[in-house]
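Computed from a predicted structure; not experimentally measured.
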Amino acid sequence: MQIHSRITDLRAALKTRGRIVFVPTMGNLHAGHISLMTQARAHGDTVVASIFVNRLQFGPNEDFDKYPRTFEADCEKLAAAGVDVLFAPTEADLYPEPQEYAVEPPAIQHMLDGEFRPGHFRGVATVVLKLFNIVQPDVALFGKKDYQQLMVIRNMTRQLALPIEIVGGETVRAEDGLALSSRNGYLSADERREAVRLSVELRRIRDAIRAGSTDFAGLEQAAVAALDGAGWKTDYVAVRQQSDLHPPSGASAALVVLAASRLGSTRLIDNIEV
Ligand code: PAF
């Protein structure tokens with residue numbers, strides 16, 4: 001696996017590499033990331049991963065400084081997963097001057113997670129567009145665990161006519177159902193045991209909708225009560241349309257249930273398609 005930190009070196013290395021498949025990450029890789037790397041192989045000739053903890057997408061009181069940086073272990077995992085090229089820029093490589101031009105996503109950036117993390121999706125869209133311009137991939141893969149992020153990136157790619165196919169990878173879960181996330185590492189042993197409740201509540205809502213319930217508000221409130229009653233601090237539990245993440249407007253819309261809740265100081269997100 002080649003490793004490049006400078007944009008010029010990466011561009012030179014990718015000149016004659018055929019169809020490029022790209023998986024951007026912030027590192028601290030787990031089986032969810034590795035599953036994306038493995039799927040990437042089927043979409044082209046050269047698999048490129050990136051590791052960059054993007055300051056722009058963290059709020060002032062969020063975990064940018066403590067976000068786990070595990071570069072050596074990540075490199076071993078990427079090489080074992082058959083990744084061809086890793087782009088691992090420093091902040092000075094990617095942001096040699098303050099990033100004043102930015103991508104301003106539309107209203108979707110203010111709903112759900114965006115309401116609780118102002119500026120987050122602006123930071124994500126800006127770095128992803130910049131990474132796309134650097135890597136110039138034919139295909140890019142993103143995990144469905146960050147469902148709203150995937151939609152922001154899909155919409156940006158379509159509306160800006162980027163010649164990139166966006167592929168969503170299924171969420172990988174621990175045996176008890178907890179969605180894998182780099183932030184799971186912040187949980188104490190007790191919190192880790194409790195953390196499964198988030199996916200349990202999402203599945204409960206999914207099953208109720210499948211069984212015919214349309215009382216979405218009631219289902220959302222019951223899940224918030226179950227979580228908060230067990231010591232969580234819930235930002236939202238929301239039944240939304242898969243197509244645009246708006247509240248359901250018609251009986252036939254495909255739905256997704258999304259949630260974000262804080263367990264101790266760790267904020268977890270998860271979602272499940274109905
Ligand atoms: O999902 C992530 O890890 C990040 O948001 C991404 C897409 C790599 C942009 O920094």
Tell me whether R240 contacts the main-chain N or O of L245 through its side chain, where contact means a donor paired with an acceptor under 3.5 Å.
yes
Might you point out which heavy atoms bring M1 and C75 nearest each other, and give the distance in Å?
CE-O, 3.5 Å
Between L162 and L129, does the side chain to side chain contact (heavy atoms under 4.5 Å, CB included) criterion hold? Intermediate values first, please.
CA-CA 9 Å; L162 306 179; L129 181 61; 3.7 Å; yes
Is the backbone of R122 close enough, under 3.5 Å, to the side chain of T126 for a donor and an acceptor to pair up by distance?
yes
I'd like to know if the side chain of Q136 and the backbone of K15 have a donor-acceptor N/O pair within less than 3.5 Å.
no
Could you tell me whether the side chain of H110 and the main chain of E115 form a donor-acceptor pair under 3.5 Å?
no
Using a 3.5 Å distance criterion without hydrogens, assess whether the side chain of R69 forms a donor-acceptor pair with backbone atoms of Y67.
yes
Search all heavy atoms of E220 against all heavy atoms of V237 and return the closest pair with its distance.
CG-O, 3.3 Å
Please tell me whether Y147 and E273 have a donor and an acceptor in their side chains that are separated by less than 3.5 angstrom.
yes
Minimum heavy-atom separation for A49 and F22, please, with both atom names.
C-CE1, 4.2 Å
Side chain to side chain contact (heavy atoms under 4.5 Å, CB included) partner of L94, chosen from S50, P89, S5:
P89
Quick check on side chain to side chain contact (heavy atoms under 4.5 Å, CB included): which of L141, N155, V167, I166 does L150 satisfy it with?
I166
Is it the case that the side chain of D93 and the backbone of I7 share a donor-acceptor pair, with hydrogens and angles ignored and the cut-off at 3.5 Å?
no
Between D207 and R204, is a salt bridge (charged side-chain N to carboxylate O under 4.0 Å, His left out) present by the stated rule, with each step listed?
CA-CA 5 Å; D207 293 346; R204 201 192 303 283; over 6 Å; no
Ignoring hydrogens, what is the shortest heavy-atom contact between S213 and L219? Give both atom names and the distance.
OG-CD1, 3.6 Å
Testing the basics here: between N133 and R11, what is the closest heavy-atom pair and its distance to 0.1 Å?
O-NH2, 3.4 Å
Looking at R197 and A230, would you say the former's side chain and the latter's main chain have a donor-acceptor pair under 3.5 Å?
no
Contact summary for L56 and Y95, nearest pair of heavy atoms
CD1-OH, 3.2 Å
Using a 3.5 Å distance criterion without hydrogens, assess whether the side chain of D146 forms a donor-acceptor pair with backbone atoms of Q149.
no
May I have the step-by-step check of salt bridge (charged side-chain N to carboxylate O under 4.0 Å, His left out) for D270 and R203, ending in yes or no?
CA-CA 11 Å; D270 198 358; R203 279 204 306 276; over 6 Å; no
Can a salt bridge be assigned to the pair D138 and R17 using a cut-off of 4.0 Å between side-chain N and carboxylate O?
no
Taking K145 for the side chain and S181 for the main chain, is one N or O donor matched with an acceptor at less than 3.5 Å?
no
L160 reachable from I164 in the ILVMFWY side-chain graph, under 4.5 Å edges
yes
Output yes when a side-chain donor or acceptor of Q109 lies under 3.5 Å from a complementary backbone atom of P105, and no otherwise.
yes
V127 with M151, same ILVMFWY side-chain cluster at under 4.5 Å
no
